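These notes concern the structure reproduced below.
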Number of protein chains: 2
Amino acid sequence: MLAYGGRVGDVYKALADRTRRALLDELLERDEQTLFELCSKLAMKHDLTPTRQAVSQHLEVLEGAGLVRSVRRGRYKFHTIDTTPLSQISERWPSKS
Amino acid sequence: MLAYGGRVGDVYKALADRTRRALLDELLERDEQTLFELCSKLAMKHDLTPTRQAVSQHLEVLEGAGLVRSVRRGRYKFHTIDTTPLSQISERWPSKS
DNA sequence: ACCATAGGCAAGCATCCACTTGCCCGTCAA
DNA sequence: TTGACGGGCAAGTGGATGCTTGCCTATGGT
């Protein structure tokens with residue numbers, strides 16, 4: 001239970017940044033991507049060229065919001081999207097009847 | 001067409017603040033509220049006590065994101081929620097099949 | 001006309017946050 | 001074992017942003 005933590009506000013803050021949204025876009029296209037793969041995708045497809053550390057910090061924020069999960073295998077860390085926390089948004093402010 | 005402007009990123013930034021989310025909560029409960037009404041609601045129900053100008057600026061941001069519409073009647077300005085821009089979130093990152 | 005009320009404008013301030021830089025820790029191959 | 005590679009840690013910096021303060025405009029009641 002409480003799969004993605006109690007601080008729901010973190011989800012909104014996580015979505016507030018353009019680079020993080022692009023990361024979610026890439027992870028939606030393909031799961032299990034490493035930090036380096038995501039860095040190159042950002043540069044090629046989104047014209048975003050932050051440093052590797054910046055991207056790493058963004059992934060931390062996304063993980064703190066429960067939007068990304070990660071597993072370490074060997075020296076690689078694979079990242080996977082989890083859209084579950086997004087459902088609270090449309091639940092909180094549904095379309096008016 | 002283009003009901004809520006072209007800068008979709010503004011929607012995410014608008015949601016990133018706790019006070020603005022509380023404002024949306026209040027407007028969802030009752031439409032056509034004035035700045036003063038919303039100020040007192042924030043203080044009583046959400047333990048938020050920003051100044052009137054701060055709330056006014058928040059409403060500007062929400063309006064810029066298309067989440068709030070406003071009409072002026074006499075010396076009153078009534079604010080109304082519009083949840084339409086929120087649909088793009090679940091459309092952009094749907095639940096994985 | 002007067003004044004209280006609802007709201008807006010603009011500048012200043014303080015905090016937060018995205019980003020960088022430099023160094024360090026594990027893992028794996030030669 | 002050595003070195004390259006994937007990734008992490010920590011401090012510092014600049015810009016964005018939430019908030020305040022002071023003053024102004026306009027509407028409406030008396």
Side-chain angles (χ1 to χ4, degrees), chain A residues 7-27 30-44 46-65 67-80, chain B residues 7-27 30-44 46-65 67-80:
Chain A
R7 293 193 294 271
V8 293
D10 297 344
V11 176
Y12 303 102
K13 293 236 173 113
L15 290 178
D17 185 83
R18 186 196 167 194
T19 304
R20 286 197 287 269
R21 293 194 294 271
L23 284 171
L24 291 179
D25 289 338
E26 285 310 314
L27 288 176
R30 185 161 65 86
D31 265 346
E32 302 270 322
Q33 295 199 63
T34 68
L35 177 60
F36 273 58
E37 288 175 306
L38 291 168
C39 280
S40 58
K41 296 283 184 62
L42 285 183
M44 291 189 297
H46 302 268
D47 278 312
L48 296 169
T49 56
T51 59
R52 180 179 51 84
Q53 284 79 358
V55 178
S56 176
Q57 288 164 4
H58 281 309
L59 287 170
E60 274 183 46
V61 174
L62 289 170
E63 207 164 347
L67 290 166
V68 162
R69 303 182 181 282
S70 65
V71 276
R72 182 139 205 167
R73 280 196 288 271
R75 58 178 162 179
Y76 298 95
K77 191 180 180 189
F78 298 96
H79 301 269
T80 303
Chain B
R7 293 194 293 269
V8 292
D10 296 345
V11 177
Y12 303 102
K13 294 233 173 114
L15 290 179
D17 185 82
R18 186 195 167 194
T19 304
R20 286 196 288 269
R21 292 194 296 270
L23 284 171
L24 290 180
D25 288 338
E26 285 310 314
L27 288 175
R30 185 160 67 84
D31 265 347
E32 303 269 323
Q33 295 199 62
T34 68
L35 177 58
F36 273 60
E37 287 175 306
L38 292 168
C39 279
S40 57
K41 296 283 183 64
L42 286 183
M44 292 189 295
H46 301 268
D47 279 310
L48 296 169
T49 55
T51 59
R52 180 178 51 85
Q53 283 80 359
V55 179
S56 177
Q57 287 164 6
H58 281 308
L59 288 170
E60 274 184 47
V61 174
L62 289 170
E63 207 164 349
L67 289 166
V68 162
R69 303 182 180 282
S70 65
V71 276
R72 183 140 206 166
R73 279 197 289 270
R75 59 177 161 178
Y76 298 96
K77 191 180 180 188
F78 298 96
H79 300 271
T80 302

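The chains referred to below are lettered A, B, ... by the order of the sequence lines, with proteins before strands, and numbering in each begins at 1. Here the structure is a predicted model, which means the values were calculated and not measured.
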When rounded to whole Å, the NZ to P distance for the pair A/K77 and C/dC25 reads 18 Å
Between CD of B/E37 and P of C/dT5 the distance, given in whole Å, is 16 Å
Considering only heavy side-chain atoms of A/Q57, the closest of D/dT20, C/dT20, D/dG18 is C/dT20
Notebook entry, point to check: Given the rule in the side-chain contact (heavy atoms from CB on, under 4.5 Å) test, do A/L38 and A/L59 qualify, once you have shown the distances and angles that lead to the verdict?
Noted result: CA-CA 10 Å; A/L38 291 168; A/L59 287 170; 4.0 Å; yes
Whole-Å distance, A/L62 CG to C/dA18 P, equals 10 Å
| field | C/dG8 phosphate, OP1 or OP2, under 4.0 Å from B/S56 side-chain N/O | value | yes
Taken to the nearest whole Å, CZ/A/R72 to C1'/C/dG26 is 7 Å
Between CG of B/L35 and P of C/dG8 the distance, given in whole Å, is 7 Å
Separation of D/dA16 atom P from B/K13 atom NZ, nearest Å, is 9 Å
From the list A/R69, A/R73, A/R72, salt bridge (Lys or Arg N to Asp or Glu O under 4.0 Å) partner of A/E32 resolves to A/R73
Comparing nearest nucleotides in DNA chain D, the 5'-proximal residue of the pair B/R75, B/T19 is B/T19
**Message:** If the cut-off is 4.0 Å, is A/H58 near the phosphate of C/dC19, judged by side-chain N/O to OP1 or OP2?
**Reply:** yes
Open item on the list: Does A/R20 reach a base, just sugar-phosphate, or nothing at all? Heavy atoms under 4.0 Å.
Closed with: sugar-phosphate
query: With no angle test and no hydrogens, is the base of D/dG7 tied to the side chain of A/Q53 by a donor-acceptor pair under 3.5 Å?
result: no
Closest of C/dC17, C/dT20, C/dA6 to the A/A54 side chain is C/dT20
Taking C/dT20, D/dT21, D/dG7 as options, the one with an atom nearest any side-chain atom of B/T51 is D/dT21
ask   = Taking atom types as they are modelled, is there a donor-acceptor pair under 3.5 Å from the base of D/dG7 to the side chain of A/R52?
value = yes
Discussion item. Do B/V71 and B/T80 have side chains that approach each other closer than 4.5 Å (heavy atoms only, starting at C-beta)?
Written reply: no
Only residue of A/D17, A/V11, A/L67, A/D10 satisfying side-chain contact (heavy atoms from CB on, under 4.5 Å) with A/L62 is A/L67
Taking D/dT20, C/dA18, D/dG6 as options, the one with an atom nearest any side-chain atom of B/P50 is D/dT20
Whole-Å distance, A/Q33 CD to D/dG6 P, equals 15 Å
inquiry  = Are the side chains of A/R52 and A/L35 in contact, using a 4.5 Å heavy-atom criterion?
reply    = yes
Rounded to whole Å, the OH-C1' distance (A/Y12 to C/dC16) equals 20 Å
